[in-house]
Asks: 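Let me begin by handing over the structure; questions about it come next.
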Amino acid sequence: MDVAAVARCVRKSCYVSPSFGDSDLLRRFLRSSLSERSTNSDPTSGRKCLKLRGKIHRRLSFIRPITATDKSISSPSSDCAGETQQINGKKKNIVWHDCPVTKSDRQELIKQKGCVIWITGLSGSGKSSLACALSRALHNRGNLSYILDGDNVRYGLNSDLSFGAEDRAENIRRVGEVAKLFADAGIICIASLISPYRRERTACRALLPQGDFIEVFMDVPLHVCEARDPKGLYKRARAGKIKGFTGVDDPYEPPLDCEIVIQNNRDKGVSSSSSSLTEMAEIVVSYLDKNGYLKTP
Ligand SMILES: Nc1ncnc2c1ncn2[C@@H]1O[C@H](COP(=O)(O)OS(=O)(=O)O)[C@@H](OP(=O)(O)O)[C@H]1O
Ligand SMILES: Nc1ncnc2c1ncn2[C@@H]1O[C@H](COP(=O)(O)OP(=O)(O)O)[C@@H](O)[C@H]1O
């Protein structure tokens, strides 16, 4: 059994000495203390305990429970002996591994608060344009952001997924999970996907701490998106060459209650100028500023 595994056993028992509240200290202590790396059963209690410097140490009265510091990336309770974990109702032989460098440390380093800006709307509603304008505006202010664009993610991570309902749901789920990791890194993650289903968007929201999922709805009517049609996809969908195209013969469920609504009824031309994109980006930047995401929390 290695040191990490022993540390997991200590964590599994949910107790640690107050002087080892920091997991790095605990790790160093274990590394220096373990002469024989093994676990044994305490004959009196039947509990697992550590064999340190040849002695068996039982749980002592000064020990206290470990508390989770960050709920967005929380360590699920694990079974150290069998190393099993229930995930989505399935038993898996995996154990959460903590790192002493926390989300707060990272946020302190880059002087901002990680979050997810989730831009949803029909194809052609301006999601990617807003994502880029927003990323530029944040960059100019010295804030770090990263875009997860639906089209782009489908080139790699999600290249195995189609546009059927089940695959769209999986597409959204995966991007939601990746976005959560970016937010945990302290980055302002801009996810720009059609994400047509309310249920999946709500599930992505639930992955993050309260307030850190900021949903932006591009409220642009279908006929406007269709008139823009920069990729000629609506035309192909109307001609029956693409089946299940969102807004044409596939559903889009607009948000009922989201943080920001951006309305744009204009066709291409005037309003796609950089000034209107800057204005839209500014709406989001103001929201982030007002809610404390653009400085150290
Ligand atoms: N059937 C169908 N329906 C909708 N969109 C389609 C379809 N087939 C291809 N495309 C192109 O894929 C882009 C949308 O991908 P997303 O990953 O954002 O879609 S989804 O969230 O999984 O619904 C979308 O890009 P955007 O125009 O940027 O939205 C389209 O270019
Ligand atoms: N505010 C706007 N007004 C008019 N046209 C816009 C606006 N924003 C984007 N566009 C144009 O609409 C088209 C679709 O924009 P895009 O950002 O690719 O949308 P989406 O990512 O939702 O498919 C592009 O040709 C873009 O230049």
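Atoms within each ligand, like the ligands themselves, are counted from 1 in listed order.
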Asks: Does any N or O atom in G126 lie less than 3.5 angstrom from one in ligand 2, N or O only?
Replies: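 Yes - when backbone and side-chain N and O of G126 are compared with those of ligand 2, one distance drops under 3.5 Å.
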Asks: Please evaluate residues R205 and E200 with respect to the criterion salt bridge (charged side-chain N to carboxylate O under 4.0 Å, His left out), reporting the C-alpha separation (whole Å), side-chain torsions for both, the decisive distance (0.1 Å), and the verdict.
Replies: CA-CA 9 Å; R205 178 184 288 275; E200 272 65 34; over 6 Å; no
Asks: Is NZ or CZ of R228 both nearer than 6.0 Å to the six-membered ring centre of Y234 and within 45° of the ring axis?
Replies: no
Asks: Heavy atom under 4.0 Å from ligand 2: found in L122's side chain, backbone, both, or neither?
Replies: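 For L122, only backbone atoms sit under 4.0 Å from ligand 2.
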Asks: For ligand 2, which part of M280 has a heavy atom less than 4.0 Å away: the side chain, the backbone, both, or neither?
Replies: side chain
Asks: Quick one: are L134 and I188 in side-chain contact, heavy atoms under 4.5 Å?
Replies: no
Asks: I'd like to check which ligand 1 atoms, numbered from 1 as shown, lie under 4.0 Å from a non-hydrogen atom of T246.
Replies: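 By the 4.0 Å cutoff, the relevant atoms are 3 (N), 4 (C).
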Asks: Would you mind listing which atoms of ligand 2 come within a distance below 4.0 Å of any non-hydrogen atom of S129?
Replies: 9 (C), 15 (O), 16 (P), 17 (O), 26 (C)
Asks: Could you tell me whether some N/O pair between K127 and ligand 2 is separated by less than 3.5 angstrom?
Replies: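 The answer is yes, given that K127 and ligand 2 share an N or O pair closer than 3.5 Å.
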Asks: With a 4.0 Å heavy-atom cut-off (strictly under), which part of F163 contacts ligand 1: side chain, backbone, both or neither?
Replies: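 The part of F163 near ligand 1 is the side chain, not the backbone.
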Asks: With a cutoff of 4.0 Å, is L233 in contact with ligand 1, counting heavy atoms of the residue only?
Replies: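 It does, in that a heavy atom of L233 comes within the 4.0 Å cut-off of ligand 1.
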Asks: Measure R228 to ligand 2 on non-hydrogen atoms and call it side chain, backbone, both or neither using the 4.0 Å cut-off.
Replies: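 Under 4.0 Å from ligand 2, R228 contributes side-chain atoms alone.
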Asks: Kindly identify the option in A169, G247, G244 whose heavy atom sits closest to atom 1 (N) of ligand 1.
Replies: G244
Asks: Thinking salt bridges, do K127 and D219 make one under a 4.0 Å N-O criterion?
Replies: no
Asks: Go through ligand 2 atom by atom and flag the ones less than 4.0 Å from a non-hydrogen atom of P230.
Replies: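 So the answer, numbered in order with elements, is 13 (C), 14 (C), 24 (C), 25 (O).
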Asks: I need the atoms of ligand 1 closer than 4.0 Å to a non-hydrogen atom of S123, numbered in the order shown.
Replies: 26 (P), 27 (O), 29 (O)
Asks: Please confirm whether S195 comes within less than 3.5 Å of ligand 1 when only nitrogen or oxygen atoms on both sides are compared.
Replies: yes
Asks: Are any of the N/O atoms on I172, whether in the backbone or the side chain, positioned under 3.5 angstrom from an N/O atom of ligand 1?
Replies: no
Asks: Under a 4.0 angstrom heavy-atom cut-off, which atoms of ligand 1 come close to P196?
Replies: 21 (O), 23 (O)
Asks: Go through ligand 1 atom by atom and flag the ones less than 4.0 Å from a non-hydrogen atom of G150.
Replies: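 Near G150, the atoms of ligand 1 are 17 (O), 18 (O).
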Asks: Is ligand 2 under 4.0 Å from a heavy atom in the side chain of S128, in the backbone, in both, or in neither?
Replies: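 Near ligand 2, S128 shows its backbone as well as its side chain.
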Asks: For S123 and T246, which I'm curious about, is there any donor-acceptor pair between the side chains at under 3.5 Å?
Replies: no
Asks: What do you reckon, does L193 have a nitrogen or oxygen under 3.5 Å from a nitrogen or oxygen of ligand 1?
Replies: no
Asks: Salt bridge check, R168 against D250: does any charged N sit closer than 4.0 Å to a carboxylate O?
Replies: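 Judged by the 4.0 Å cut-off on N to carboxylate O distance, D250 and R168 do form a salt bridge.
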Asks: Check the orientation of F217 and Y252. Use parallel for under 30°, tilted for 30 to 60°, and perpendicular for over 60°.
Replies: parallel
Asks: Would you check whether G124 has a nitrogen or oxygen atom less than 3.5 angstrom from a nitrogen or oxygen atom of ligand 2?
Replies: yes
Asks: Is it true that R173 and E170 make a salt bridge, defined as a side-chain N closer than 4.0 Å to a carboxylate O?
Replies: yes
